[in-house]
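Beneath this line is the structure, given in structure tokens, with notes to follow.
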Amino acid sequence: MQLDPSDARECAAALRSAAEARQTVRVRGGGTKADPDEALPGDAVLRTRGLSGVVDHVPADLTVTVRAGTLLRDVQAALAERGQFLPLDPPHGGATIGGVIAANSNGFGTLRYGAVRDLLIGTTTALTDGTLARAGGRVVKNVAGYDLNKLLVGSLGTLGVIVEATFKVLPLPATRGASVSSATDATSAFARAGAIVRTSLRPTALVVDHERGAWRLVVAAAGEQAVVDRTLREAGGDHVADPDRLLVPLRDLLAAAAEGAVVRATIPLAAQPPFAGGVSRLDGFERLVADAGTGIVHVHLRGDDATIAASTVAAIASARVLGGSARTERVAPSLRRHLAALRTEPPGHFLMRRLKDAFDPRGILEPERSLA
Amino acid sequence: MATPFVAGTRGAVLHRGLVDLLGEEQVLWQKHDLQLYEYDGAVDTATPDAVVIPRDTADVANLARFCSEHNVPLVPRGAGTGLSGGAIPVEGGVVVSFARMSRILELDAANLRAVVQPGLVNLHLSTAAAPHGLYFVPDPSSQKACTIGGNVAENSGGPHTLAYGVTTNHVTGLEIVLTDGTIVRLGGKAHESEGYDLIGLFVGSEGTLGLITEITVRLSPLPEDKRTVMAAFPTMDLASEAVSAIIASGLVPSAIELMDQLATVAVEASVGAGYPLDAGAILLAEVDGPRDGLDDHRARIEELCRANGATSIRVAETALERDRLWAGRKGAFAAMGRLAPDYYVQDGVIPRTRLPDVLRRIAEVGERYGVRIANVFHAGDGNLHPLILFDGSLGPDVLRQVKAAGVEILRACLDAGGSITGEHGVGMEKNCELPLQYGPDDLAAMLHVKRAFDPAGLANPAKIFPTPSRCREFSLHAARSV
């Protein structure tokens with residue numbers, strides 16, 4: 001069954017009908033994160049693309065309100081006409097705003113601009129009881145009531161369907177630039193990245209990339225010419241005028257890796273060198289891309305199922321031992337069941353369970369994805 | 001609906017039980033002791049049945065278990081500087097003071113994190129981090145006294161959160177104690193953690209979801225340099241135009257503050273910050289970051305101020321001068337004592353572009369109610385702080401009038417598309433007004449969260465959400481039928 005609501009009320013009504021019929025629902029935005037094998041034959045698929053368009057952009061307030069089914073790239077195009085941008089650069093240009101929020105999809109700009117949770121200031125969400133719940137608002141500072149925006153970021157459609165969102169936006173930077181340099185090993189690559197993190201320079205990307213024995217440091221900067229110049233000077237290496245030439249392949253490589261598995265680890269900053277050193281010696285190791293300013297490290301593994309399974313387990317265990325967490329981002333279908341068994345309950349799981357039960361008492365939303 | 005509150009064990013039985021559980025040293029129960037915990041930085045008061053000063057997480061968990069068994073509310077308290085009555089025990093019960101849990105447990109410069117106890121004073125953290133070239137970004141005006149636990153509970157801001165975010169953007173780990181005594185550790189030193197963002201929910205929940213016993217915060221590199229500009233304008237309208245022009249220019253200053261003439265006069269008398277007394281408005285702007293280009297930013301701000309009618313401009317040449325300019329802003333609330341015995345501060349937020357018309361409406365409210373209103377606020381993010389001046393000794397009618405004026409100001413903010421609170425919290429001060437901002441369906445969703453964390457309703461009851469007994473017009477029930 002296909003559900004294609006054309007406005008927020010219709011979306012809420014569709015959820016309510018589904019809940020009454022105990023009909024399970026998959027929520028689809030751009031479908032960039034969706035796993036085609038995940039939906040079961042009896043599931044209804046709710047597509048948000050009908051809920052699209054920019055509702056309000058107030059350049060002088062640096063805020064934009066958009067319907068959740070709008071493609072991120074369309075939002076960026078609309079903002080660019082007024083010289084502004086939403087400082088989110090996740091993989092998948094085809095992702096919708098609702099999908100970016102639900103999947104907590106971030107790019108390399110987090111160190112400079114913050115992540116989805118830092119930029120999202122308001123939401124309207126359709127719930128399974130047929131209501132529309134608003135949280136936050138259209139002002140950049142707001143502590144009235146609970147911050148349900150935070151609960152929705154990364155909730156993967158398990159609590160409700162986001163229908164509208166308001167973000168902080170920024171003026172487009174005057175200049176951009178990037179540099180790439182090689183490093184001898186993990187320690188020196190991360191040490192150089194760490195030195196930049198400790199300055200006021202706030203680069204727009206700070207990436208350690210490791211493949212086939214080579215270590216590279218990619219640094220991007222945006223803003224005033226003088227600051228961009230200095231950032232790239234301190235980063236060293238070869239300058240590249242268009243940062244996207246370096247960054248987009250790195251970002252999309254992880255998203256598009258069809259073969260094998262991608263493990264996404266989030267670890268304390270200082271744990272990156274030992275983590276990177278360790279995983280790079282695992283069987284099936286293909287590539288590592290670390291957002292060195294946030295400690296979010298993607299590891300691509302390839303090989304036969306047994307190798308990938310063993311190395312995935314080792315990478316996740318390493319992240320946990322080092323004070324972080326990890327999960328698989330992309331897994332070949334043949335491995336999914338095996339790796340699902342590795343999932344552990346995060347701290348506070350019983351509270352998440354209670355929240356899920358309160359927002360979706362019949363458990364109709366994204367049943368396989370439920371965090372609980 | 002919020003769980004209706006039912007009074008549990010009180011009086012001598014409660015005191016004895018708490019002393020048996022935690023020891024004499026940890027419990028205050030005599031009248032003269034309890035009176036010290038009747039108030040915070042806002043205008044309402046209520047007396048607790050007891051005050052407990054725990055030494056560690058185990059004390060807090062034991063206390064919570066005891067209170068849960070005896071149906072006694074728990075009201076956490078940091079330094080009591082809050083401006084929405086968050087630490088006031090409206091329904092009585094136990095006030096939990098974190099005065100003894102005030103240590104930095106770990107300053108982890110390599111990971112840009114600090115692990116602290118909730119009673120740590122905000123400024124002490126930045127002072128301790130400074131030798132490492134780091135600081136904690138949120139800087140409420142009360143930062144010399146307020147605690148990090150209080151900052152987390154209220155999601156506090158401050159002048160410098162314009163560019164770098166408020167408290168919620170700087171917390172990566174929490175240890176919490178639920179009202180049934182369960183200890184939960186969430187997140188840690190990593191950038192994010194697994195599952196739903198419970199930390200994001202907890203920050204700003206004003207003590208209504210449980211008690212905070214440990215916090216892991218992000219530390220940021222100290223800016224390489226700063227430039228601070230003070231500009232005087234003949235009118236608030238011109239100053240507001242200058243703020244809009246600065247924001248629109250693409251500059252992202254770390255702070256843009258405004259102050260009206262009434263506030264300026266009081267501040268000058270009390271702090272002597274060097275603000276011109278004849279100005280209709282004083283603008284304080286700061287840019288920070290890499291030294292390169294900073295003077296250029298400063299020059300552009302000066303230019304935009306002049307273009308919008310600034311009559312005089314001063315740039316802080318030394319750290320001492322900068323501190324003096326900021327001392328005026330940070331001491332502004334305290335300086336109100338020069339103008340009137342009491343003040344009632346509002347915290348509404350508006351879209352930045354609406355500053356001039358909302359300020360006019362606030363002035364009209366002042367005229368209509370016959371009260372003087374001073375304005376000192378975070379103009380860069382549209383967070384107003386109108387200070388309604390009054391004399392509380394003239395009786396409860398005066399306070400009632402002042403509060404009514406406050407509600408009108410909040411309505412003006414909401415009419416402009418804003419919020420009733422930007423950083424002070426809803427507390428017991430504005431809980432009856434929350435339904436002006438959010439409808440019944442919005443509040444129902446928020447109450448799912450309350451019930452998930454605190455099903456018994458013992459965590460700081462009668463805060464944030466309207467209660468039937470105190471909010472005649474705006475109980476949740478009434479709102480639902482509108």
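Everything numeric in this text was worked out from a predicted model, so none of it was measured. We name chains A, B, ... by the order of the sequence lines, and we start the count at 1 in each one. Side chains are part of it too, since the values below use all heavy atoms of this structure and drop only hydrogens, waters and symmetry mates.
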Does any backbone or side-chain atom of [X] lie under 4.5 Å from a heavy atom of chain A? Answer side chain, backbone, both or neither.
X: B/Leu222; result: backbone
X: B/Ser244; result: neither
X: B/Ala248; result: neither
X: B/Ile350; result: backbone
X: B/His132; result: neither
X: B/Val166; result: side chain
X: B/Thr161; result: side chain
X: B/Glu206; result: side chain
X: B/Asn155; result: both
X: B/Asp225; result: neither
X: B/Ala109; result: backbone

Contact class of [X] relative to chain B, heavy atoms under 4.5 angstrom:
X: A/Thr199; result: backbone
X: A/Ala271; result: backbone
X: A/Arg134; result: both
X: A/Leu127; result: side chain
X: A/Pro268; result: both
X: A/Arg264; result: side chain
X: A/Asn104; result: side chain
X: A/Ala326; result: backbone
X: A/Leu322; result: neither

Check your understanding: Between A/Asn142 and B/Ser419, is any side-chain donor less than 3.5 angstrom from a side-chain acceptor?
Key ->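 Judged by distance alone, the side chains do pair up.
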* Flag the pair A/Arg327 and B/Glu194 as a salt bridge only when some basic side-chain nitrogen lies within less than 4.0 angstrom of an acidic carboxylate oxygen. =>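 The answer is no: the pair does not qualify as a salt bridge.
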State, to 0.1 Å, how close [X] and [Y] come at their nearest heavy-atom pair, and which atoms those are.
X: B/Glu192; Y: A/Ser325; value: O-OG, 4.4 Å
X: A/Tyr146; Y: B/Ser205; value: CE2-CB, 3.7 Å
X: B/Arg185; Y: A/Pro347; value: O-CB, 3.0 Å

**Prompt:** Which value, rounded to the nearest 0.5 Å, describes the distance between B/Leu201 atom CG and A/Lys150 atom NZ?
**Reply:**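 Rounded to the nearest 0.5 Å, the CG-NZ separation comes out at 9.5 Å.
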| Distance in Å, B/Asp197 CG paired with A/Leu152 CG, rounded so as to fall on 0.5 Å steps |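 Here the rounded value is 10.5 Å.
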Taking it one step at a time, do B/Val449 and A/Leu355 satisfy side-chain contact (heavy atoms from CB on, under 4.5 Å)? CA-CA 7 Å; B/Val449 176; A/Leu355 289 166; 4.0 Å; yes
With a sphere of 6.0 Å drawn around CZ of A/Arg82, does it hold more than 12 non-hydrogen atoms of other residues, nucleotides or ligands?
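Counting other residues, nucleotides and ligands, CZ of A/Arg82 stays at 12 neighbours or fewer.
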